[in-house]
Amino acid sequence: QVQLVESGGGLVQAGTSLRLSCVASGRTFSNYKMGWFRQAPGKVREFVAAITRSAGITYYADSVKGRFTISRDNAKNTVYLQMNSLKPGDTAVYYCAANSRQSGSSWNELSTQYNYDYWGQGTQVTVSS
């Protein structure tokens, strides 16, 4: 079992930045590929960003590419999501998730939420215009 706890959400104005953190406990963090997903009110949960075990590969949704950066610190059991130039459309609950599958690191593998075994409780990000 892996427990994931997100933090760093809040209410901000458009154009500003936030950094989300997700701390993992319970198993060896470096064994997991990690992802961030988000769910806006009335919408399905969608992929935001993902990172491989060694942080050698990262993927981003087109909607956040160039504005968001995913990173991880395996020594701190933490994955981050740096969000810059925030827009009202980024308003959502943000979830981090852990993927233990030994099935490669393709875009499809890391962007598909059903491939993730463990999920945090989410942190709310609200961007006002």
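What you see below is based on every heavy atom in this structure, not just the backbone, and it leaves out hydrogens, waters and symmetry mates.
- E6 places no side-chain N or O within 3.5 Å of a backbone atom of T123 that could act as its donor or acceptor partner.
- With a 4.5 Å cut-off between side-chain heavy atoms of Ile, Leu, Val, Met, Phe, Trp and Tyr, the cluster of F47 takes in F37, I57, Y59, V93, Y95, W107, L110, Y116, W119.
- Applying the 4.5 Å side-chain rule to ILVMFWY residues, one finds V2, L4, V12, L18, L20, F29, Y32, M34, W36, V48, I51, Y60, V64, I70, V79, L81, M83, L86, Y94, Y118, V125, V127 in the same cluster as F68.
- Among residues two or more places apart in sequence or in another chain, the side chain to side chain contact (heavy atoms under 4.5 Å, CB included) test is passed with T112 by Y114, N115.
- Residues forming a side chain to side chain donor-acceptor pair (under 3.5 Å) with N108 (at least two apart in sequence, or on another chain): none.
- Note on residues 84-93: pairs passing side-chain hydrogen bond (donor to acceptor under 3.5 Å, both in side chains), not counting sequence neighbours, are S17-N84, R38-D90, R67-D90, Q82-N84.
- With sequence neighbours excluded, no residue forms a side chain to side chain donor-acceptor pair (under 3.5 Å) with R19.
- For R101, the salt bridge (Lys or Arg N to Asp or Glu O under 4.0 Å) criterion is met by E109, not counting sequence neighbours.
- R72 approaches A55 most closely through the heavy-atom pair CG-CB, 3.9 Å.
- With sequence neighbours left out, the side chain to side chain donor-acceptor pair (under 3.5 Å) criterion links S106 to no other residue.
- A pairwise comparison of heavy atoms in K33 and S105 identifies CD-OG, 4.2 Å as the closest pair.
- Across all their heavy atoms, P88 and S129 have their closest contact at CG-CB, 3.9 Å.
- With a 4.5 Å cut-off between side-chain heavy atoms of Ile, Leu, Val, Met, Phe, Trp and Tyr, the cluster of L11 takes in none.
- Evaluation of the salt bridge (Lys or Arg N to Asp or Glu O under 4.0 Å) rule for K43 yields no partner, not counting sequence neighbours.
- Within the structure, the salt bridge (Lys or Arg N to Asp or Glu O under 4.0 Å) test picks out no pair touching residues 110-129 (sequence neighbours left out).
- In this structure N31 satisfies the side chain to side chain contact (heavy atoms under 4.5 Å, CB included) test together with T28, sequence neighbours excluded.
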